[in-house]
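Worksheet for the structure shown next.
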Amino acid sequence: MKITLTKPFILKLFLISLFLSLPFLFLHLFSPQQRNHSQTITTTTTITTKDLKIRPGYTSYDTYIQRQLNKTLNPKLRKIWTTRDWNRKIPVFARFFEELQKKKLLEKTSKALCIGARVGQEVEALRRVGVIDSIGMDLVPYPPLVVKGDFHNQPFDNNTFDFEFSNVFDHALYPQRFVSEIERTLKVNGVCVLHVALSRRADKYSANDLYSVEPLVELFQNSDLVHVRGVDGFGLDTEVAFRKKQTHTPHRF
Ligand SMILES: *[C@@H]1O[C@H](CO)[C@@H](O)[C@H](O)[C@H]1NC(C)=O
Ligand SMILES: *[C@@H]1O[C@H](CO)[C@@H](O)[C@H](O)[C@H]1NC(C)=O
């Protein structure tokens, strides 16, 4: 009884509020300002070119992060990374870094970052070759070697590092963002070294597939290509090194 009495009134209220909210709805739909911070990442352009293909199937940035976390948090993998792999991989990483020191791309005084460092094997290797001021970054922290951070949105200021290393480029859902964050946080003349797989597909957690160095050269808009060489890096076959250029800074003053 009560319901039938109030029904027209509720309907009227509903129609009025719908009418009143229309301008806001339109404003929301067409405003370029509608995207908040976390969404800026989901709206980053995904470039798929002949030699760089983004894997389909990630419905949202959260799904992507959840999947990446699934690998990073896998207890069996973490156990292997900190035991068997620890002793097997660190000497190999240390040799890579020594070669980069010989080529003057890495100094003992360099402030260095390892991107996607998991449990910090690369950081430990850097420290063993004398690069003391080095840190790793991953979605899950592993103190004291690895701090928490998303490579699509690095938690560091502009012009922080002299050297950045990563062997997880294939995990980037937004390669352009991955690279621009490196270029942002590197100092001018800072060096970025990537180990990538060109001739074989990486793992099931990869978000992209890379078939040549070309897309990387295009992505590193503010850097010069220093070298490309073959390496034997645990399934990764190619080392690509870039050096950040001096860029004009129009809003400096
Ligand atoms: C995470 O891993 C578990 C089992 O290892 C699986 O059941 C689940 O579907 C995975 N989640 C994602 C988002 O991949
Ligand atoms: C940091 O660098 C980015 C991209 O190069 C630039 O857009 C931004 O304004 C810089 N931020 C500061 C605080 O200088």
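Sequential numbering from 1 along the given sequence is applied to the chain's residues. Start at 1 and go down the list; that is how both ligands and their atoms are numbered. Note that the coordinates shown come from a computational prediction; the quantities given were computed from them, not determined experimentally.
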Rounded to the nearest 0.5 Å, the CG atom of Leu52 sits from the CG atom of Leu219 at a distance of 6.5 Å
Measure from every N or O atom of ligand 2 to the protein's N or O atoms and keep only the pairs below 3.5 Å, writing each with atom names and distance to 0.1 Å.
{"from": "ligand 2", "atom 1": "2 (O)", "to": "Asn158", "atom 2": "OD1", "distance (Å)": "3.3"}
{"from": "ligand 2", "atom 1": "2 (O)", "to": "Asn158", "atom 2": "ND2", "distance (Å)": "2.4"}
{"from": "ligand 2", "atom 1": "11 (N)", "to": "Asn158", "atom 2": "ND2", "distance (Å)": "2.8"}
{"from": "ligand 2", "atom 1": "14 (O)", "to": "Asn158", "atom 2": "ND2", "distance (Å)": "3.3"}

- request: Go through the side-chain N and O atoms of Lys79 and Asn74 and say whether any donor and acceptor fall under 3.5 Å apart.
  value: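 No pair is found: no donor N or O on one side chain lies under 3.5 Å from an acceptor on the other.
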Donor-acceptor pair between Arg118 and Thr72 side chains, under 3.5 angstrom:
yes
Handout entry: Proximity of Tyr58 and Tyr174 rings by center, below 6.0 Å
Key = no
Any pair counted as side-chain hydrogen bond (donor to acceptor under 3.5 Å, both in side chains), so long as it reaches residues 183-196, sequence neighbours left out: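 Counting only pairs at least two positions apart or across chains, the side-chain hydrogen bond (donor to acceptor under 3.5 Å, both in side chains) contacts touching residues 183-196 are Gln154-Thr185, Asn158-Arg184, Asp162-Lys187, Glu164-Thr185, Glu181-Arg184, Glu183-Asn222, Glu183-Ser223, His195-Glu239.
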Less than 4.5 Å apart, any side-chain heavy atom of Leu173 and any of Arg55?
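SC-SC contact between Leu173 and Arg55 ruled out.
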